[in-house]
Amino acid sequence: MTDTKRGLCELYDDDPERADALVFGRRWQPDRRGFLKGAGLAAFSAAVGAAVPFARNLPGGLIPAALADETNWVAFVAESGLTVFNDRPINAETPAHLLDDDITPSRLHFVRNNGVMPEAVDAASWTLTVDGEVAKAATFTIADLNSRFEVVELALQLECAGNGRAGFNPPAQGNQWTVGAIGNARWRGVRYGDVLRAVGVKDGAVYTGHYGADTHLSGDPAKMPISRGLPIAKAMQPNTLIAFEMNGEPIPMLHGAPLRVVAPGWPGSVSQKWLTRIWVRDRVHDGEKMTGMSYRVPAHSVVPGSEVPKEDMRIIEAMPVKSVITRPQAGAAVAGATPLGARGHAWAGDRAVAAVDVSIDFGATWQRARLEPPANAGAWQTWSADVAFPQAGYYELWARATDDAGTMQPMVVPGWNPRGYLNNACHRIAVTVA
Ligand SMILES: Nc1nc2c(c(=O)[nH]1)N[C@H]1C(S)=C(S)[C@@H](COP(=O)(O)O)O[C@H]1N2
Ligand SMILES: [Mo]
């Protein structure tokens, strides 16, 4: 049984004992009358983070409402129109046609969780500690960040390094993202670099390490779901933010409430959500998912499906040039009389996009699209083109972006790698012209 298809609530309805075992990793122990006691009650209490004064009335096999909320997140994401891959942890991508807005609404922004989200957060008492290779370690509340540093609001694109993984053959394990693990929201916060300058980064510092308040799927408090970081230079880039607002509101829970890193153009995994600590390191950070095969690709191209020795893997830094077609919707049937208004966005890691071209003849000829400048460095760029079709029939619309260093998206899936990262092949959609 996959938990993707069936939410926790449903599972509780069908098989409360099994549901308890899944949620708590152990079976509850109801007494003879079916009420919770002993270790079962202790597990319930630990899960909700408080004593349960009316425990004597609590039936076994009743989902704690605090945990039922987690199921509601999945429903919330699905209702927004996202494609849900799993519910524990929640992972969901945005269908390309729902990415049409220049600024991605929060509800339509993809969600990538590696662990279990904190159950509740209190923005007023939240703190961020910055320590390690610094002159003076410090702890900031969000109010401190607001008052001590310049507050900026920027449109920033965030893409999961695994976006496009579904295109690799042989397949790579992990969420089979197609094209929708990308978003471009407005983020408000302070510059990461300003915070680092305030604590005084020592000469020997080379990397940062990020920690968040989410917990490991196993429930083991000694394990982190993810702890990645940034080279000091990227952390110091003026559009790398420690953000507390998304699209004019406090950051929603799914996207890292109340505080997160947003480092545009790099694998989304460096943009720690539910941020509690930045550890400035004298070496490359070696937190969870920094080492081994995670967020790394072979330094040289390899035979698809081959075993790659760990020492040949390098950390992914800036992401490659890429684009998406948001209009028309894939599979659209259009009238042929007037040219079709096609649209989408393009982005290029730390670079700018220089051009977007579209083709309707399987790449034989290309037409230059109009390309908007980014709202600011780190934002995606919107492109549009009026596409005329010579006659009725089946076409494919292809889009190809070129960055300001002249690097183009490949037409075919680029270098295979063990974990299926960095597939920036051109997006193509079917269009039928009447
Ligand atoms: N604390 C924490 N931060 C995290 C993650 C996580 O699981 N836990 N996932 C990372 C990954 S892999 C990505 S792609 C982005 C996704 O951000 P979003 O869910 O707001 O789209 O968050 C990153 N930050
Ligand atoms: Mo990611």
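Given the structure is predicted, the values throughout are model-derived calculations rather than measurements. Both counts, for ligands and for their atoms, begin at 1 and track the order of listing. The first residue of the sequence shown is numbered 1, and numbering continues consecutively from there.
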When rounded to the nearest 0.5 angstrom, what distance separates CZ in R112 from CD in E93?
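Atom-to-atom, R112:CZ and E93:CD are 12.5 Å apart.
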Listing request: all salt bridge (Lys or Arg N to Asp or Glu O under 4.0 Å) pairs with a residue in [range], at least two apart in sequence or in separate chains.
| range | answer |
| --- | --- |
| residues 195-213 | D194-R197 |
| residues 269-281 | D131-R277, R281-D286 |
| residues 243-265 | R188-E245 |

May I ask you to say whether E150 pairs ionically with R191, meaning some side-chain N is under 4.0 Å from a carboxylate O?
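Yes, E150 and R191 are salt-bridged.
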Looking at R88, is its backbone amide N or carbonyl O close enough to the side chain of N86 to form a donor-acceptor pair, meaning the two atoms are under 3.5 Å apart?
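No, the answer is negative, given that no donor and acceptor are paired below the 3.5 Å cut-off.
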Under a 3.5 Å threshold, I'd like every N/O contact between ligand 1 and protein atoms, with atom names and distance.
{"unit_1": "ligand 1", "atom_1": "1 (N)", "unit_2": "D214", "atom_2": "OD1", "d": "3.0"}
{"unit_1": "ligand 1", "atom_1": "1 (N)", "unit_2": "D214", "atom_2": "OD2", "d": "3.2"}
{"unit_1": "ligand 1", "atom_1": "1 (N)", "unit_2": "Q272", "atom_2": "NE2", "d": "3.0"}
{"unit_1": "ligand 1", "atom_1": "1 (N)", "unit_2": "K273", "atom_2": "O", "d": "3.0"}
{"unit_1": "ligand 1", "atom_1": "3 (N)", "unit_2": "K273", "atom_2": "N", "d": "2.8"}
{"unit_1": "ligand 1", "atom_1": "7 (O)", "unit_2": "N114", "atom_2": "N", "d": "2.7"}
{"unit_1": "ligand 1", "atom_1": "7 (O)", "unit_2": "N114", "atom_2": "ND2", "d": "2.8"}
{"unit_1": "ligand 1", "atom_1": "8 (N)", "unit_2": "D214", "atom_2": "OD2", "d": "2.6"}
{"unit_1": "ligand 1", "atom_1": "9 (N)", "unit_2": "R112", "atom_2": "O", "d": "3.2"}
{"unit_1": "ligand 1", "atom_1": "9 (N)", "unit_2": "N114", "atom_2": "ND2", "d": "3.2"}
{"unit_1": "ligand 1", "atom_1": "17 (O)", "unit_2": "R260", "atom_2": "NH2", "d": "3.2"}
{"unit_1": "ligand 1", "atom_1": "19 (O)", "unit_2": "R112", "atom_2": "N", "d": "3.0"}
{"unit_1": "ligand 1", "atom_1": "19 (O)", "unit_2": "K273", "atom_2": "NZ", "d": "2.5"}
{"unit_1": "ligand 1", "atom_1": "20 (O)", "unit_2": "H255", "atom_2": "ND1", "d": "2.7"}
{"unit_1": "ligand 1", "atom_1": "20 (O)", "unit_2": "R260", "atom_2": "NH1", "d": "2.7"}
{"unit_1": "ligand 1", "atom_1": "21 (O)", "unit_2": "H109", "atom_2": "ND1", "d": "3.2"}
{"unit_1": "ligand 1", "atom_1": "21 (O)", "unit_2": "F110", "atom_2": "O", "d": "2.6"}
{"unit_1": "ligand 1", "atom_1": "22 (O)", "unit_2": "R260", "atom_2": "NH2", "d": "3.4"}
{"unit_1": "ligand 1", "atom_1": "24 (N)", "unit_2": "S271", "atom_2": "O", "d": "3.0"}

